[in-house]
Amino acid sequence: MKIATWNVNSIRARVPIVTAWLERVQPDVLLLQETKCLPEKFPTEPFEHLHYNIALIGEPSLNGVAILSKSPIEDVVDHLPGDPADQEARYIEATVDGVRVASVYVPNGTALDSPRFPFKLAFFDRLRAHAKTLLEEGQPLAIGGDYNVAPTPADVYDAKELEGTICYHPAEREKWRTLVNIGLYDAYRAVAPETIAFSWWHYQARSFQLGHGLRIDHFLLSPSALDRLETVEIDEQPRRQKTPSDHTPVLCSLAA
DNA sequence: ATGGTGGCTTAGCCA
């Protein structure tokens with residue numbers, strides 16, 4: 001079972017790049033973030049044509065997450081519990097082939113002095129509480145998405161320069177660790193403990209060409225999913241295309 | 001150095 005996650009920064013702007021990638025890589029499941037459109041504006045046909053079922057939520061111009069799957073999508077949950085005031089389209093989960101998969105778009109945080117920053121930290125707390133429940137339910141679990149945090153110095157292009165900035169602030173890294181430490185595994189680090197690789201590069205200042213990236217897109221796996229983990233790949237090819245997303249997909253393969 | 005890029009939606013926000 002090949003599962004991928006990709007922040008596409010508008011699905012309507014990215015249809016040719018995403019469909020070409022699906023045809024080449026043939027994942028069983030693709031988790032999308034930042035689709036940036038209402039459900040009725042999501043271009044479903046090109047993906048249904050490639051034999052994907054789709055579960056999605058969205059809002060105008062912001063956020064939006066989806067699950068594309070060749071197998072049937074069952075028991076969809078489309079909101080992260082814990083904050084009745086939060087109506088943002090940032091979380092969807094479902095069961096596919098016996099695996100509980102989730103697509104999460106953690107708030108960016110905007111700036112350290114913005115109210116969005118404590119909202120981001122609280123979102124991590126809610127995700128931890130919910131993931132704990134999912135672990136207790138016992139199904140193999142894979143939570144993929146844009147976590148908007150680079151966990152360690154090996155996940156940023158310049159740890160000294162970036163220390164304390166958004167997506168690499170100690171408070172965010174601590175939230176990441178307390179999430180992982182409930183008993184989850186960073187799939188990429190499980191197969192590549194030392195490798196420096198990134199999943200996001202700013203559009204500005206030739207960041208991709210200069211290698212100025214961050215690893216902020218992750219898969220967190222339950223022990224039973226980790227037992228089945230064969231490979232994890234960050235595929236930079238889509239980031240090299242014309243009119244790319246600023247993120248590139250992460251792909252992991254679980255034994256059947 | 002307070003810019004730089006991109007995708008919304010339409011000049012301002014968010015990333």
Side-chain angles (χ1 to χ4, degrees), chain A residues 5-21 31-44 46-47 56-66 80 83 85-91 103-124 127 144-151 155-158 160-169 171-173 175-176 198-218 234 236-250:
Chain A
T5 182
W6 195 353
N7 178 324
V8 289
N9 186 21
S10 169
I11 190 61
R12 287 176 292 176
R14 225 62 68 198
V15 166
I17 285 179
V18 176
T19 53
W21 188 81
L31 308 171
L32 296 174
Q33 301 87 38
E34 272 207 276
T35 54
K36 286 189 166 177
C37 63
L38 284 164
E40 58 266 33
K41 294 200 173 170
F42 192 106
T44 54
F47 303 104
L56 62 95
I57 53 171
E59 51 187 298
S61 82
L62 285 174
N63 309 321
V65 289
L80 188 64
D83 180 2
D86 174 18
Q87 295 301 315
E88 298 178 17
R90 294 182 175 274
Y91 184 86
S103 177
V104 64
Y105 177 41
V106 173
N108 168 281
T110 306
L112 302 183
D113 60 357
S114 161
R116 300 297 292 170
F117 191 68
F119 179 71
K120 177 181 192 175
L121 299 180
F123 191 95
F124 272 109
L127 187 57
D146 176 2
Y147 287 78
N148 266 315
V149 64
D155 301 311
V156 297
Y157 69 92
D158 188 334
K160 281 201 175 116
E161 176 77 20
L162 293 171
E163 178 60 41
T165 60
I166 206 88
C167 298
Y168 192 62
H169 188 279
E172 301 171 64
R173 278 137 57 199
K175 291 298 184 190
W176 166 265
F198 307 130
S199 64
W200 173 87
W201 300 260
H202 203 120
Y203 283 124
Q204 295 167 195
R206 299 173 59 243
S207 296
F208 183 65
Q209 292 84 341
L210 295 171
H212 292 179
L214 307 178
R215 193 176 71 90
I216 57 176
D217 299 272
H218 310 292
I234 302 177
E236 294 187 9
Q237 186 267 349
R239 189 62 176 82
R240 291 188 210 105
Q241 308 298 302
K242 287 206 166 83
T243 69
S245 169
D246 44 353
H247 298 250
T248 213
V250 181

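Labels below follow one simple rule: chain letters A, B, ... track the order of the sequence lines, proteins then strands, and each chain is numbered from 1.
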> Indicate yes or no: does Arg173(A) engage Glu163(A) in a salt bridge with an N to O separation below 4.0 Å.
yes

> Rounded to whole angstrom, note down the C1' distance from dG4(B) over to dC14(B).
16 Å

> With sequence neighbours excluded, tell me which residues meet salt bridge (charged side-chain N to carboxylate O under 4.0 Å, His left out) with Arg206(A).
none

> What's the gap between dT9(B) and dT5(B) when it is taken at their P atoms, as a whole Å value?
22 Å

> Work out how far the P atom of dG3(B) is from that of dG12(B), and round it to whole angstrom.
15 Å

> Quick check on DNA chain B: between Ala13(A) and Asn63(A), whose nearest nucleotide comes earlier from the 5' end?
Ala13(A)

> If the test is side chain to side chain donor-acceptor pair (under 3.5 Å), which one of Thr5(A), Asn148(A), Asn7(A) qualifies with Gln33(A)?
Thr5(A)

> Below 4.0 Å from chain A heavy atoms, what is the first contacting nucleotide of DNA chain B and what is the last?
dG4(B) to dA15(B)

> Give a yes or no on whether the backbone of Asp246(A) and the side-chain of Arg239(A) come within a donor-acceptor separation of less than 3.5 Å.
yes

> Give me the ring orientation class for His218(A) and Trp176(A): parallel if the planes are under 30° apart, tilted from 30 to 60°, perpendicular past 60°.
tilted

> Please identify each residue that fulfils salt bridge (charged side-chain N to carboxylate O under 4.0 Å, His left out) with Asp158(A), with sequence neighbours left out.
none

> Does Gln204(A) have any side-chain contact (heavy atoms from CB on, under 4.5 Å) partners at least two apart in sequence or in another chain, and if so, which?
His202(A)

> P atom, dG7(B) versus dT2(B): distance in rounded Å?
26 Å

> Under the rule for ring pair (Phe, Tyr, Trp, His ring centres under 6.0 Å), what residues qualify as partners of Tyr105(A), not counting sequence neighbours?
none

> For residues 202-215 of chain A, which residues have at least one heavy atom under 4.0 Å from DNA chain B?
Tyr203(A), Gln204(A)

